[in-house]
Amino acid sequence: MAKHWADFQYEIYLNGMTGAVPRLPTDLTRLEELTERRLGPGPVGYVAGSAGDGSTARANRAALDRRRIVPRMLRDVHERDLAVEVLGRRLPAPLALAPVGVLSIMHPDAEPAAARAAARAAAAQGVPYVLSSASSTPMEQVAEAMGDGERWFQLYWPKDREVARSFLGRAKAAGYSALLVTLDTPLLSWRPRDLDQAYLPFLHGVGTANYFSDPAFRAGLAKPVHEDPNAAVMHFVGMFSDPAKSWPDLAFLRENWDGPIVLKGILHPDDARLAADAGMDGVVVSNHGGRQVAGSVAAADALPRVVEAVGDRLTVLFDSGVRTGDDVFKALALGARAVLLGRPYVYGLALDGQAGVEHVIRCLLAELDLTLALSGHASPTTPGPGDLVEDPA
Ligand code: FNR
């Protein structure tokens, strides 16, 4: 019998014969509470917090929870393959780790640990790791840490064209194969948990590693970063994002990146159509985990309309609110090709470093594998809207 992700449960039960139990809960929804207890108020507020009163983050969960799976029987699910093709690459499972900046506030091993976990968790090929522009480790170091592991680069599109061009060139040279451009953060949103602590790591030069190591960025400084760190931080603040960008600007990215380009933060079907018209390769239906627009549509409610608009032209990926294997199943059934996982892996990192991230990936994929099988599917490509009902409650 082929090895299945679901076999992780037997590994856990067998280890239990010697008295060992998993170091972290296998119900991944419990990780947030544990992290809240272990980390300081600044970092935990930064990761668990959302925009406004948190209504979008709650809506993300509610929209997934409201949809219920209707399992089918007697469908021969003894052999299953979770592999899926995404952006021209064969992935071992419909999962990637979402770009999350500033991981050093969660754990000293930071992005290299998360990237290594992604590269290791799937035996053959690795779950893609999406590195944030705002990482606390330079992109080349993360690439080195993960060896051949599949990696994508997330761009916060800087105001300075030379820095943008330089980032893309560095990412390409360091083996990042796809570009995710995050469009939902032209400004930082109103985030009460961070505001109440007056906590913004970037102002302390944390989460700026790609900038401070960049030749084009440094060319704009009067003194080297170490001689005047405050000036470097201010230079970063001035160029981090650009609310003046509009759709025609996407041509710049096409000219400077020859691999797949995916727009992250798409919620409206018309924006998805504009992405397709602009020659993009995909979109991530996402509201940034509820961190940008309070009162926003839940990502899972936006997903079917985007799929209907561009599902035949673009690769549609999804994030925001995914916590469990059945959440992934629901996103697939709503038309996503694959899912990005955000906070849960960050909690895994905070609680147990690289091993914690591996634990999260393995639990999520084991639960997905079992949900597929127990619902009558042997592949992540076959669930569809007919596998779900909306809970009237
Ligand atoms: C993020 N996210 C994010 N997105 C991005 O494109 N670049 C980034 O640097 C960050 N940074 C970041 C930090 C933290 C602490 C969080 C929680 C999230 C958003 C992320 O990629 C993803 O869209 C959400 O995390 C998905 O929602 P869930 O899974 O966290 O609910």
Side-chain angles (χ1 to χ4, degrees), residues 28-29 31-32 35 39 42-51 54 56-65 95-107 110-111 114 128-137 139 142 152-158 167 178-186 188-189 191 193-194 199-202 206-211 236 240-241 262-267 283-293 296 298-300 302-303 317-324 327-328 331 336 339-350 360-361 364:
L28 301 178
T29 64
L31 297 179
E32 177 166 333
T35 308
L39 281 187
V44 84
Y46 187 74
V47 67
S50 300
T56 302
R58 285 193 298 278
N60 285 339
R61 293 294 308 136
L64 287 164
D65 209 35
L95 180 76
L97 297 192
V100 171
V102 213
L103 289 183
S104 63
I105 64 172
M106 296 293 131
H107 192 279
E111 290 85 5
Y129 178 69
V130 189
L131 182 75
S132 165
S133 280
S135 56
S136 34
T137 315
M139 60 182 103
V142 177
W152 303 344
F153 182 69
Q154 176 267 326
L155 183 72
Y156 277 134
W157 199 343
F167 270 26
L179 181 68
L180 269 67
V181 186
T182 300
L183 299 181
D184 57 21
T185 316
L188 203 59
S189 71
R191 295 184 183 169
R193 280 189 78 170
D194 295 339
Y199 182 82
L200 193 61
F202 306 102
V206 181
T208 53
N210 286 318
Y211 302 83
F236 162 81
F240 171 71
S241 64
V262 178
L263 302 184
K264 178 171 181 281
I266 297 295
L267 294 164
V283 292
V284 185
V285 174
S286 164
N287 56 30
H288 214 110
R291 296 165 70 78
Q292 283 299 97
V293 178
S296 156
L303 177 60
L317 307 176
F318 174 81
D319 76 27
S320 297
V322 171
R323 298 291 175 270
T324 60
D327 290 338
V328 179
V339 160
L340 308 187
L341 185 70
R343 288 183 185 86
Y345 91 80
V346 182
Y347 298 141
L349 179 73
V360 168
I361 296 170
L364 189 84

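Counting convention: from 1, in listed order, for ligands and their atoms alike. Atoms considered below: every heavy atom in the structure, side chains included; atoms not considered: hydrogens, waters and symmetry mates. Please read all numbers here as calculations on a predicted model, not as lab measurements.
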Over all heavy atoms of both residues, which pair between V360 and P344 is shortest? Give the atoms and the distance, please. CG2-O, 3.6 Å
Any luck finding a side-chain donor-acceptor pair between S133 and N210 under 3.5 Å? no
Collect the protein residues that have a non-hydrogen atom under 4.0 Å from ligand 1 and hand them over in chain and number order. Y46, V47, A98, P99, V100, G101, S132, Q154, Y156, T182, K264, S286, H288, G289, R291, D319, S320, G321, R323, G342, R343
R61: which residues meet the salt bridge (Lys or Arg N to Asp or Glu O under 4.0 Å) condition with it, sequence neighbours left out? D327
Using the ring pair (Phe, Tyr, Trp, His ring centres under 6.0 Å) criterion, which residues pair with Y129? Sequence neighbours excluded. none
Between F153 and F167, how do the two ring planes meet: parallel, tilted or perpendicular, split at 30° and 60°? perpendicular
Check salt bridge (Lys or Arg N to Asp or Glu O under 4.0 Å) between R193 and all other residues, then give those that pass, not counting sequence neighbours. E36
